[in-house]
Amino acid sequence: MSTVDNEWREEQQRVDEVTGKISRRIKRLEQDVGSVRGEVVTMRKDFWDEVTVNFSEADDVGETSTSLRQQSEILSERERRHLHSSVALGKLKRLVNSPYFGRIDFKEDGETKSEQIYLGIASFLDDDNETFLIYDWRAPISNLYYDSTPGPASYETPSGDISGSMSLKRQFVIRDAIIRYMFDTGVTIGDELLQEVLSRSSDAQMKSIVATIQKEQNQIIRNDKSRMLIVQGAAGSGKTSAALQRVAYLLYKYRGHLQADQVVLFSPNPMFNSYVSTVLPELGEENMLQTTLQEYLEHRLGREFQLEDPFEQIEYVLSKTSDPGYAARISSIRYKSSLDYLNVINAYKELLAAEGMMFRPVRFQGEEVVSAEKIKEMFYSYDHAITMPNRLELVREWLLKEIAAYGKAQWDEPWVEEAINLLEPEDYQRAYTRLRRKQKDRGVTFDDFEQEKEILARMIVSERLKPLRKWVKSLRFVDYKYLYGQLFQDELLFAKVTKNVNRPEYWDEICKQTLDKLRQNELNYEDVTPFLYLKEHIQGFRTNTTIRHVFIDEAQDYSPFQLSFMKRMFPRARMTALGDFNQAIYAHASVLQNTDVLMNLYDPEQTERIVLTRSYRSTREIVQFTRGMIPGGEQIVPFNRSGELPKVIEINDRHRLNRQLIADIDILRKDGYETIAVICKTASESARVHEALKSHVASKLIKKTTLAFEKGVHIIPAYLAKGVEFDAVLIYDGSKKQYALESERKLFYTACTRAMHLLHVYSLGEVSPFIAGCDSETYEYSLL
């Protein structure tokens with residue numbers, strides 16, 4: 001028997017021993033969990049039977065309180081034990097079939113013997129509770145596996161650096177407790193293991209990459225010093241995967257100080273949230289908070305305005321190029337997304353502190369209680385050293401007193417007497433109860449007619465004024481819509497806050513478009529964040545100080561204005577921004593041509609930038625083809641995984657294209673491709689293609705509201721496919737007619753880079769210049 005066979009047999013024996021111990025631990029824990037669950041259920045059901053309740057004497061009240069507290073503490077302890085055992089059981093069940101993925105042999109300086117260290121997704125101690133049979137991949141010593149090669153090595157611990165030498169690095173693929181692959185390597189992760197992992201079909205959810213983390217990805221994961229970490233990576237370079245492992249690492253390292261609900265991920269769309277939702281639970285951690293910026297904006301402004309979302313904006317940009325106001329709208333998007341416009345809003349806020357505030361009058365039943373002019377006069381009567389939010393708070397208190405005085409004056413009004421006569425018996429009963437409560441010590445009875453009338457009048461007026469008081473408490477008397485609109489209506493005002501800096505192109509048309517939308521209580525996407533930013537400056541910023549880490553995926557899709565706003569939202573958080581500027585597909589992308597905005601968001605000394613150039617998602621052939629579509633694409637390094645050349649198929653008839661597409665999908669499904677995407681340019685084109693194919697192909701039309709990502713055939717707009725990958729991608733129409741503008745180059749590149757194993761580009765007529773500019777040897781062309 002060869003040395004390799006002997007080592008394989010010895011490693012398999014160890015797997016058997018470890019999985020046997022894990023299985024026995026699982027059985028014990030299952031019994032414990034079942035037993036404690038039974039205790040908890042019984043205690044909840046019989047809780048009050050175990051508590052002595054007696055309120056007749058002061059001593060009895062104390063005894064009752066003590067009894068309640070003791071019983072609650074016992075129940076809480078059982079519930080904590082049940083939760084702890086359940087979490088531990090979940091981790092063991094994930095380990096039992098694949099206990100570990102790596103081994104390193106490390107001899108610490110001064111020691112005579114090497115220690116064999118096995119790495120898995122969680123730690124596992126032997127029955128003596130001292131010997132580690134498996135080390136968690138996030139433990140300090142595990143860093144040797146990701147960053148070091150055999151030879152002299154060291155790793156960092158809280159108590160200092162540990163130096164020594166590594167004599168072995170071994171990688172495993174273990175399934176159902178059987179070693180399927182085993183490699184010894186001198187590099188971080190051997191190509192053999194990556195080949196095996198990357199050659200699989202894509203999944204409905206993103207998977208953990210802890211077994212295949214590369215050295216540059218490990219830098220991202222274990223970075224805990226930077227206030228701002230910028231990860232700029234090529235399509236398929238593992239940015240998002242590394243970021244999710246980073247969350248798991250932070251939760252592990254700072255356990256006890258950092259909880260999952262103190263970490264938030266801003267995703268590009270709701271479907272992406274579903275796609276990444278299993279990564280942290282797979283590693284035994286709770287999921288962090290996941291949201292989109294649009295969800296937050298809807299929460300803050302959705303009741304006052306109809307808000308355009310980013311997908312509606314991009315649909316307009318891609319499909320309304322012949323619209324008369326198109327050029328002005330593009331200019332508006334770029335200007336309102338910029339730091340120049342942020343400075344305008346800041347200057348406007350400073351001006352409003354001294355002059356120009358606008359208020360709505362306080363009205364009740366058509367009558368003016370307090371005029372807008374009177375509110376304005378009161379606002380500016382306060383010392384200007386008082387901040388605007390604090391002045392508004394003083395105005396609010398004053399208005400509530402004015403409303404109270406007005407209400408008292410209404411008690412004798414005819415409408416009140418009429419309302420009293422229409423009261424129901426239960427209303428009288430309510431008034432009587434109130435009278436008894438407030439007047440019992442004064443000898444007043446309900447037979448006192450004047451007192452009865454006053455109580456009823458007070459009750460009626462108070463109820464009628466309740467919505468008005470609520471309106472005032474929520475600061476609705478500030479006319480934010482008018483204040484924002486003033487910037488586009490008052491030329492002198494705009495000149496004052498811009499200090500006569502050049503206006504953007506098509507300014508008159510921009511003003512008209514903005515005011516038209518405001519009159520309809522609508523806000524274009526580029527106006528939503530600036531509007532909220534101005535509103536927050538006036539009434540006080542709503543900040544979240546509990547969030548400690550903010551992750552922004554597809555950071556290139558956020559405008560400088562939005563990024564500055566998000567920084568202000570989370571003043572105590574560290575930020576990790578992930579992006580690929582070759583996938584900057586939105587109209588404001590021209591203001592984010594490089595990382596300057598991100599680099600300057602925080603102190604440069606607290607900011608670090610990591611660039612990932614190696615692409616793992618797609619085959620070498622797909623990467624060599626797609627990198628030719630973008631400037632600087634030669635810097636993208638393909639992983640050495642071979643596949644078919646991408647196919648470019650030119651067809652001059654739409655019906656023939658549809659038939660070819662149906663035939664190709666059928667072949668791909670028979671060949672075992674589990675996720676197939678037909679990627680269209682827009683949502684409207686996606687809907688048309690779905691209608692044409694649905695009687696021939698079982699497919700799902702992906703919309704901006706789609707929440708779950710599943711296996712199968714998807715018909716999807718290019719901008720919704722960002723961040724997701726598919727076994728096979730079929731570009732529905734990659735023609736010159738569809739993709740020719742320079743502003744569409746990155747959208748086309750983004751669509752093509754979604755493919756893992758196979759890429760077909762169909763073209764209705766002449767192919768896009770973005771394909772024509774690629775090396776003809778990187779794809780296979782055919783004319784049908």
*Asks:* Which side-chain N or O atoms in residues 95-103 pair as donor and acceptor under 3.5 Å with protein atoms at least two apart or in another chain?
*Replies:*
{"unit_1": "S98", "atom_1": "OG", "unit_2": "I174", "atom_2": "O", "d": "3.0"}
{"unit_1": "Y100", "atom_1": "OH", "unit_2": "R14", "atom_2": "NH1", "d": "3.4"}
{"unit_1": "R103", "atom_1": "NE", "unit_2": "D105", "atom_2": "OD1", "d": "2.8"}
{"unit_1": "R103", "atom_1": "NH1", "unit_2": "E11", "atom_2": "OE2", "d": "2.6"}
{"unit_1": "R103", "atom_1": "NH1", "unit_2": "Y118", "atom_2": "OH", "d": "3.4"}
{"unit_1": "R103", "atom_1": "NH2", "unit_2": "D105", "atom_2": "OD1", "d": "3.3"}
{"unit_1": "R103", "atom_1": "NH2", "unit_2": "D105", "atom_2": "OD2", "d": "2.8"}

*Asks:* Please determine whether the number of non-hydrogen atoms from other residues, nucleotides or ligands lying under 6.0 Å from atom CD of Q635 exceeds 12.
*Replies:* no
*Asks:* Using 0.5 Å steps for rounding, measure from the CG atom of L133 to the CD1 atom of I117.
*Replies:* 13.0 Å
*Asks:* Is there a donor-acceptor pair closer than 3.5 Å between any side-chain N or O of T706 and the backbone N or O of I702?
*Replies:* no
*Asks:* Has the side chain of S142 got a donor or acceptor atom that lies under 3.5 Å from a matching backbone atom of D136?
*Replies:* yes
*Asks:* State whether the side chain of E644 and the backbone N or O of H757 hold a donor-acceptor pair below 3.5 Å, judged by distance alone.
*Replies:* no
*Asks:* Could I get the full list of side chain to side chain donor-acceptor pair (under 3.5 Å) partners for R620, not counting sequence neighbours?
*Replies:* N640, S642
*Asks:* One pair to check against salt bridge (charged side-chain N to carboxylate O under 4.0 Å, His left out): E30 and K93. What are the steps and the verdict?
*Replies:* CA-CA 11 Å; E30 283 178 335; K93 286 182 175 179; 3.5 Å; yes
*Asks:* Go through the side-chain N and O atoms of R548 and H257 and say whether any donor and acceptor fall under 3.5 Å apart.
*Replies:* no
*Asks:* Is there a side-chain contact (heavy atoms from CB on, under 4.5 Å) between R574 and L229 once you walk through the steps?
*Replies:* CA-CA 8 Å; R574 294 173 182 265; L229 178 61; over 6 Å; no
*Asks:* Could you list the residues that satisfy ring-ring contact (aromatic ring centres under 6.0 Å, His included) with F551, not counting sequence neighbours?
*Replies:* none
*Asks:* For residues E10 and Q12, is any side-chain donor paired with an opposing acceptor at under 3.5 Å?
*Replies:* no
*Asks:* Can a salt bridge be assigned to the pair R138 and E285 using a cut-off of 4.0 Å between side-chain N and carboxylate O?
*Replies:* yes
*Asks:* On a heavy-atom basis, which atom in R25 and which in L92 lie closest, and how many Å separate them?
*Replies:* CG-CD1, 3.5 Å
*Asks:* Using the side chain to side chain contact (heavy atoms under 4.5 Å, CB included) criterion, which residues pair with S165? Sequence neighbours excluded.
*Replies:* K107
*Asks:* For the residue pair Q556 and G579, what are the closest heavy atoms and their distance?
*Replies:* OE1-CA, 3.1 Å
*Asks:* Taking G712's backbone N and O only, do any of them form a donor-acceptor pair with T675's side chain (distance below 3.5 Å, no angle check)?
*Replies:* no
*Asks:* Compare every heavy atom of N269 with every heavy atom of L720, then report the nearest pair and how far apart it is.
*Replies:* O-ND2, 3.6 Å
*Asks:* Using modelled atom types and a 3.5 Å cut-off, is there a donor and acceptor pairing between side-chain atoms of S241 and backbone atoms of G238?
*Replies:* no
*Asks:* Just jot down the side chain to side chain donor-acceptor pair (under 3.5 Å) partners of D580, sequence neighbours excluded, or say none.
*Replies:* Q583
*Asks:* I'd like to check the side chain to side chain donor-acceptor pair (under 3.5 Å) partners of D109; sequence neighbours left out, ordered by chain and number.
*Replies:* none
*Asks:* Taking atom CD of Q606 as the centre, report whether more than 12 heavy atoms of other residues, nucleotides or ligands fall under 6.0 Å from it.
*Replies:* yes
*Asks:* Quick check against the 3.5 Å criterion: does T157 have a side-chain atom that pairs as donor or acceptor with the backbone of G160?
*Replies:* yes
*Asks:* Could you pull out all residues at least two apart from H714 that satisfy ring-ring contact (aromatic ring centres under 6.0 Å, His included)?
*Replies:* F709, F726
*Asks:* So, using ring-ring contact (aromatic ring centres under 6.0 Å, His included) as the criterion, who are the partners of Y249 when residues are at least two apart?
*Replies:* none
*Asks:* I would like to know whether I630 and I636 meet side-chain contact (heavy atoms from CB on, under 4.5 Å); could you show each step before the answer?
*Replies:* CA-CA 10 Å; I630 51 172; I636 300 172; 4.0 Å; yes
*Asks:* Looking only at atom types and distance, does a side-chain atom of S615 sit under 3.5 Å from a main-chain N or O of A235, one as donor and one as acceptor?
*Replies:* yes
*Asks:* Ignoring hydrogens and angles, tell me if any N or O in the side chain of R227 forms a donor-acceptor pair with the backbone of A573 under 3.5 Å.
*Replies:* yes
*Asks:* Can you list every pair that meets salt bridge (charged side-chain N to carboxylate O under 4.0 Å, His left out) and has a residue in residues 236-265, with sequence neighbours left out?
*Replies:* D224-K253
*Asks:* Over all heavy atoms of both residues, which pair between W137 and R222 is shortest? Give the atoms and the distance, please.
*Replies:* O-NH2, 2.6 Å
*Asks:* Residues in side chain to side chain contact (heavy atoms under 4.5 Å, CB included) with N287, at least two apart?
*Replies:* S277, L280, P281, Q290
*Asks:* Below 4.0 angstrom, N of the basic side chain to O of the carboxylate: do R754 and E725 qualify?
*Replies:* no
*Asks:* Give a yes or no on whether a salt bridge exists between D184 and K169, defined as a side-chain N under 4.0 angstrom from a carboxylate O.
*Replies:* no
*Asks:* Determine, stepwise, if the pair T240 / D553 fulfils side-chain hydrogen bond (donor to acceptor under 3.5 Å, both in side chains).
*Replies:* CA-CA 7 Å; T240 304; D553 205 2; 2.9 Å; yes
*Asks:* Between E621 (side chain only) and G643 (backbone N and O only), is there a donor and an acceptor less than 3.5 Å apart?
*Replies:* yes
*Asks:* What closest approach, in Å, do Q259 and L251 show between heavy atoms, and which atom pair accounts for it?
*Replies:* C-CD2, 3.7 Å
*Asks:* Is the closest basic N to carboxylate O distance between E216 and R614 below 4.0 Å?
*Replies:* no
*Asks:* Taking all non-hydrogen atoms of both residues, which atom of L645 and which atom of T778 are closest, and how far apart?
*Replies:* CD2-O, 3.6 Å
*Asks:* Would you kindly say whether N223 and E608 are connected by a side-chain donor-acceptor distance under 3.5 Å?
*Replies:* yes
*Asks:* With sequence neighbours excluded, what pairs up with Y135 under the ring-ring contact (aromatic ring centres under 6.0 Å, His included) test?
*Replies:* F132
*Asks:* Apply side-chain contact (heavy atoms from CB on, under 4.5 Å) to L612 and Q214, showing your working.
*Replies:* CA-CA 10 Å; L612 304 177; Q214 302 295 288; over 6 Å; no
*Asks:* Going by the rule salt bridge (Lys or Arg N to Asp or Glu O under 4.0 Å), which residues pair with K670 if we only count those two or more places apart in sequence or in a different chain?
*Replies:* D666
*Asks:* Decide salt bridge (charged side-chain N to carboxylate O under 4.0 Å, His left out) for D127 and K21; before the verdict, give the C-alpha distance in whole Å, the side-chain angles of both, and the deciding distance to 0.1 Å.
*Replies:* CA-CA 8 Å; D127 293 334; K21 290 180 178 181; 5.5 Å; no
*Asks:* Donor-acceptor pair, distance only, cut-off 3.5 Å: does the side chain of D128 make one with the backbone of T131?
*Replies:* yes
